[in-house]
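Order of the sequence lines fixes the chain letters, A, B, ..., with proteins taken first and strands second; residue numbering starts at 1 for each chain. Worth saying up front: this structure is predicted, and the values here are computed from it rather than measured.
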2 protein chains.
Amino acid sequence: MAAVDDLHLTADERLRRDGQRYTANRRALVDVLAASEGPVTIAEVLAAADGLAQSSAYRNLAVLEDAGVVHRLVTADDTARYELAEDLTGHHHHLVCASCGVVADIEVPEVLERHIAALAASTASATRWSVDHHRLDLLGTCPACQAAGS
Amino acid sequence: MAAVDDLHLTADERLRRDGQRYTANRRALVDVLAASEGPVTIAEVLAAADGLAQSSAYRNLAVLEDAGVVHRLVTADDTARYELAEDLTGHHHHLVCASCGVVADIEVPEVLERHIAALAASTASATRWSVDHHRLDLLGTCPACQAAGS
DNA sequence: TTTACTGCAAAGGGTTTGCAACATG
DNA sequence: CATGTTGCAAACCCTTTGCAGTAAA
C-alpha cells in the first residue's frame, strides 16, 4: 500500500472521529497538500483543485484542521497557507521568501532541536506560561525573486 | 540623557533621512512601543495613544517601519503586531499564546543563536535561496488563558 | 507657501457565513 | 430521509486609500 493511501486512511479516520465525512473535495485537498513542496495558499489550492469553490476550500481546510489533518499558518504576507499536520509529514521548519511569501520546508539538525527543546523547558519554568510547540523560520529571498530583483 | 531620549533622537534621524517629519503622533507611537512588554496590536496602540485616529496609527506605523524604526509581524491570529526595530531593542524571540495571541519577548542563549546561524548558512549553500533573518517562536498558553480555560 | 500630516469616511482584499440545493450514510 | 456538504453571494473584519483641511519647514 502506497504512502498516499495511508494518508487517506488516516484522514478518513480522523474526520469520522469528528462526525465528518471524507468527501471527494476533502480528498482532493489532501492530495494537493501532499503533492506540494511546502505550505500553499488558497489561491494555489484553487488552481490545483479544479472546480472547487473558494468557500468550500476554506470550509474544508478548516474542517481538516479541526480534525488534526491540516495545519494553517501565516508567514510573511497576510495570506494563510496550509500544509499537512506535522504528525503526517514529520517535524520540519520553513524557509520563507520575504519578497513573494513563498514557503519551502526545511529539516533541522537534531542538535538544534534539542537546544530549542531546552529553551522551551527553561522558558516554561521561568514564566507562568505553558509551552508546547515551537516554530523556526529562516527568512530570505527565493531564487525567483533574486532573479526578478536584480 | 535617558535611553528614551536616545530612542527619539534615532527615530527622528531615521525619519528625516526619508524626508519625513517626527511628529507628535509618531513620537507617541514610539513611546507606546517602548513602554510595552512585547509586540502590540493596533487596538492596543489606539487604547494607549488616546485620540489617535486609526488610519493615522496604520499610516504612521508603516512610515516608521519604512524608516527602520518599527517592525511589523503577524503571529497566531490574523492581526498584525508592532514592535521597535531589533537594532533598537536587541535581538530577541517571541513567546506566543495560541489561545489569545498575546506575545511576550524572550532572550535566547548564545549557543542556540550560533546553531541557528549555522543552519542559515548551510541552508543558503544547499539551496539557491539567500537567507538573512530568522524567527523563532515558542507557542503555548499565557497565564491568563490557562486561568480562563480551567 | 510648499510639502507633509491629519481625521474622516469609503473602498479594498482575504476570509467567513446564510441559504437553498445536493449528496451521502 | 436525516444529516452533512456544496456553491453562490452577501457579509465580515482588518487594513488601505481619497480627500479636504491643518500644521510644520
task: Starting at atom CG of B:D66, determine the distance to atom P of D:dT16, rounded to an integer number of angstrom.
output: 11 Å
- prompt: Is the count of non-hydrogen atoms from other residues, nucleotides or ligands lying under 6.0 Å from B:E107 atom CD greater than 12?
  reply: no
field: Spacing between A:L15 atom CG and D:dT5 atom C1', to the nearest angstrom
entry: 12 Å
- prompt: Using a cut-off of less than 4.0 Å, is there contact between a side-chain N or O of B:Q20 and OP1 or OP2 of C:dA4?
  reply: no
query: Just by protein heavy atoms under 4.0 Å, how would nucleotides 6-14 of chain C read 5' to 3' in B, S and -?
result: SBBB----S
message: I'd like to know if A:D12 pairs up with A:R16 as an ion pair, taking the criterion as any Lys NZ or Arg NE/NH1/NH2 lying under 4.0 Å from an Asp or Glu carboxylate oxygen.
response: yes
Cut-off 3.5 Å, no hydrogens considered: what does the side-chain donor-acceptor table look like for residues 48-60 of chain A, sequence neighbours left out?
unit_1	atom_1	unit_2	atom_2	d
A:N60	OD1	A:R26	NE	2.7
A:N60	OD1	A:R26	NH2	3.1
A:N60	ND2	A:S56	O	3.1

statement: As a check of understanding: the bend across the helix from C:dT1-D:dA25 to C:dG25-D:dC1, end axes from five pairs, rounded to 10 degrees, works out to 30°
- request: Side chain of B:I42 only, please: which of D:dT15, D:dT5, D:dA24 is the nearest?
  value: D:dT15
message: Among B:H92, B:H71, B:R72, which residue satisfies the side-chain hydrogen bond (donor to acceptor under 3.5 Å, both in side chains) criterion with B:E83?
response: B:H92
Residue pair B:H134 / B:E113, side-chain heavy-atom distance below 4.5 Å: yes
field: Single-linkage hydrophobic cluster, 4.5 Å side-chain cutoff, A:L139 and B:L136 together
entry: no
message: Taking atom CD as the centre, does B:E37 end up with more than 12 heavy-atom neighbours from other residues, nucleotides or ligands that are less than 6.0 angstrom away?
response: no
message: Under 4.5 Å between side-chain heavy atoms, counting indirect links through other Ile/Leu/Val/Met/Phe/Trp/Tyr residues: same cluster for A:V102 and A:L95 or not?
response: yes
